[in-house]
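What you see is a predicted model; the values in this text were computed from it and never measured.
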Amino acid sequence: MPGKLKVKIVAGRHLPVMDRASDLTDAFVEVKFANTTFKTDVYPKSLNPQWNSEWFKFEVDDEDLQDEPLQITVLDHDTYSANDAIGKVYIDIDPLLYTEAATVISGWFPIYDTIHGIRGEISVVVKVDLFNDLNRFRQSSCGVKFFCTTSIPKSYRAVVIHGFVEELVVNEDPEYQWIDRIRTPRASNEARQRLISLMSGELQRKIGVKVLEMRGNAVVGYLQCFDLEGESGLVVRAIGTACTLDKLTNPAPFAPSCHSPCKELKE
């Protein structure tokens, strides 16, 4: 295994009222990555629960580490009926997969429901422990940096510009796949939301693999485009420029240009 993903659910705030009798909520959280799911304890009768859970640990392989989002679902516990969904949070852990990257993602994340919108916030801490066997990452794109800017970031210098890279991923749209079945709008929305997140991660990994094959370590000008093409399905396209970048130890401070277009025009 190339790494271990660790997640801690700390607290929630400003949750919606789910029990009209008490004007409160019995909230708990499901934490899912790939095919593994953990649950917190139910925090009874509070709109600002304090779970302070244990560390939930996931053993992850190369593709899951990059393709899969961390999925956090907040629910209201019901004793005599099905638990009610409050909302979800999807966290992309790719920013933790670089040797020089931050080692933790933490903070308050908005809890989003595809029907009701934002429904409070949840405090989460996410860590990734990467193993040092770099050869195991050759089949993945761990270590490749992605920059959306069209110029080289100021803290780096370009060693080699390898060239243009592109890729696309196609999948069936759950909306059309379920068209003749009974389903709720929330289930349909969430299926599409999860699929788009998965396709985005898979596409970025495939672009990164191409960059590694070109002996690069970064993509500059990275752009993803999503298309809903009816019965053809969901299509995600990505483009960028493969580069080899070196990080500057002492980047030069920004100095404004001495040339003024207005002054030159006057002269």
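Between the CG atom in Leu70 and the CZ atom in Phe33 there is a gap of 7.0 Å [rounded to 0.5 Å]. Atoms NE2 and CZ, from His14 and Arg119 in turn, are 15.0 Å apart once rounded to the nearest 0.5 Å. Annotation: the span from Glu30 atom CD to Phe56 atom CZ amounts to 10.5 Å, rounded to 0.5 Å. The distance from atom CG of Leu75 to atom CD1 of Ile86, rounded to the nearest 0.5 Å, is 7.0 Å. Annotation: the span from Thr149 atom OG1 to Lys154 atom NZ amounts to 10.0 Å, rounded to 0.5 Å. For the atom pair CG (Asp41) and CG (Asn52), the distance works out to 11.0 Å, reported to the nearest 0.5 Å.
In terms of heavy atoms, Thr244 sits closest to Gly216 at OG1-CA, 3.4 Å. Between Ala238 and Leu203 the shortest heavy-atom distance is CB-CD2, 3.4 Å. Summarising the geometry of Thr37 relative to Lys32, their closest heavy-atom pair is OG1-CG, 3.5 Å, with the distance given to 0.1 Å. Minimum interatomic distance between Lys127 and Val104 (heavy atoms only, all atoms of both residues): CG-CG2, 3.9 Å. Contact between Val219 and Gly240 at its shortest, heavy atoms only, is CG1-CA, 3.8 Å. Between Gln71 and Tyr90, the shortest heavy-atom contact is OE1-CE2, 3.5 Å.
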Verdict with reasoning, Glu167 to Lys210, per salt bridge (Lys or Arg N to Asp or Glu O under 4.0 Å): CA-CA 9 Å; Glu167 186 60 85; Lys210 288 187 173 183; 3.3 Å; yes

Verdict with reasoning, Leu212 to Val144, per side-chain contact (heavy atoms from CB on, under 4.5 Å): CA-CA 8 Å; Leu212 290 177; Val144 176; 3.7 Å; yes

Arg205 and Glu68: CA distance, side-chain angles, deciding distance, salt bridge (Lys or Arg N to Asp or Glu O under 4.0 Å) verdict: CA-CA 11 Å; Arg205 176 176 56 81; Glu68 291 275 352; over 6 Å; no

Working for side-chain contact (heavy atoms from CB on, under 4.5 Å), residues Thr241 and Phe147: CA-CA 10 Å; Thr241 301; Phe147 300 99; over 6 Å; no

Verdict with supporting geometry, Leu15 and Ile111, side-chain contact (heavy atoms from CB on, under 4.5 Å): CA-CA 9 Å; Leu15 300 187; Ile111 302 168; 3.6 Å; yes

Salt bridge (Lys or Arg N to Asp or Glu O under 4.0 Å) assessment of Glu59 paired with Lys6: CA-CA 9 Å; Glu59 298 288 343; Lys6 300 189 292 185; over 6 Å; no

Glu121 vs Arg13, salt bridge (Lys or Arg N to Asp or Glu O under 4.0 Å): CA-CA, chis, key distance, verdict: CA-CA 5 Å; Glu121 296 177 309; Arg13 63 187 180 189; 2.6 Å; yes

Criterion side-chain contact (heavy atoms from CB on, under 4.5 Å) on Val89 and Val124, from CA distance to verdict: CA-CA 10 Å; Val89 176; Val124 181; 6.0 Å; no

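For Phe58 and Phe38, the ring centers are positioned less than 6.0 Å apart.
A salt bridge links Lys206 and Glu202; the closest N-O separation between the charged side-chain nitrogens and carboxylate oxygens is under 4.0 Å. Look at Asp246 and Arg157 and you find a salt bridge, because one of the NZ, NE, NH1 or NH2 atoms lies within 4.0 Å of a carboxylate O, short of that distance. The pair Glu229-Arg237 meets the salt-bridge criterion, since a charged nitrogen lies less than 4.0 angstrom from a carboxylate oxygen.
Checked by atom type and distance alone, the side chain of Asn217 never pairs as donor or acceptor with a backbone atom of Lys145 at under 3.5 Å. Put simply, the side chain of Thr25 gets close to the backbone of Met18: a donor and an acceptor are under 3.5 Å apart. Remark: side-chain polar atoms of Ser53 are paired, donor with acceptor, to backbone N or O of Ile9 under 3.5 angstrom. When atom types are taken as modelled, the side chain of Gln224 and the backbone of Ser200 share a donor-acceptor pair closer than 3.5 angstrom. Asp78 places no side-chain N or O within donor-acceptor distance of the main-chain N or O of Ser81, the cut-off being under 3.5 Å. Judged purely by atom type and a 3.5 angstrom limit, His162 uses its side chain to pair as donor or acceptor with the backbone of Met214. Panel note: side chain Thr150, backbone Gly221; no donor-acceptor pair is recorded below 3.5 Å. Here the side chain of Asp76 pairs a donor or acceptor atom with the backbone of Asp26 at under 3.5 angstrom.
With a 4.5 Å cut-off on side-chain heavy atoms, Ile72 and Ile122 count as touching. Within the 4.5 Å cutoff, side-chain heavy atoms of Asn171 are placed close to those of Leu195. The side-chain heavy atoms of Pro69 and Leu198, taken from C-beta on, include a pair separated by under 4.5 Å. No side-chain heavy atom of Asp19 sits less than 4.5 Å from a side-chain heavy atom of Leu24. By the 4.5 Å heavy-atom criterion applied to side chains, Tyr156 and Leu248 are not counted as neighbours. Using a 4.5 Å heavy-atom threshold, the side chains of Phe109 and Ile91 count as touching. Using a 4.5 Å heavy-atom threshold, the side chains of Val31 and Thr36 count as separate.
Cluster annotation: Ile196 is not connected to Leu168 through the hydrophobic network of ILVMFWY side chains, with a link wherever side-chain heavy atoms come within less than 4.5 Å. The hydrophobic clustering, which links ILVMFWY residues whose side-chain heavy atoms are closer than 4.5 Å, places Phe226 and Leu228 together. Both Ile105 and Trp51 are members of a single hydrophobic cluster when ILVMFWY side chains are connected at heavy-atom separations under 4.5 Å.
Counted by atom type alone, Asp94 and Gln66 present zero donor-acceptor pairs between their side chains at under 3.5 Å. No side-chain donor-acceptor contact under 3.5 Å links Thr114 and Gln193.
Around atom NZ of Lys57, no more than 12 heavy atoms belonging to other residues, nucleotides or ligands sit under 6.0 Å away. No more than 12 heavy atoms of other residues, nucleotides or ligands sit less than 6.0 Å from atom CG of Asn35.
By the salt bridge (charged side-chain N to carboxylate O under 4.0 Å, His left out) test, Lys45 is found to be paired with no residue, residues two or more places apart in sequence or in another chain being considered. Annotation: salt bridge (charged side-chain N to carboxylate O under 4.0 Å, His left out) contacts of Lys88 (sequence neighbours excluded): none.
Ring planes of Tyr222 and Phe146: perpendicular class, angle over 60° (limits at 30 and 60°).
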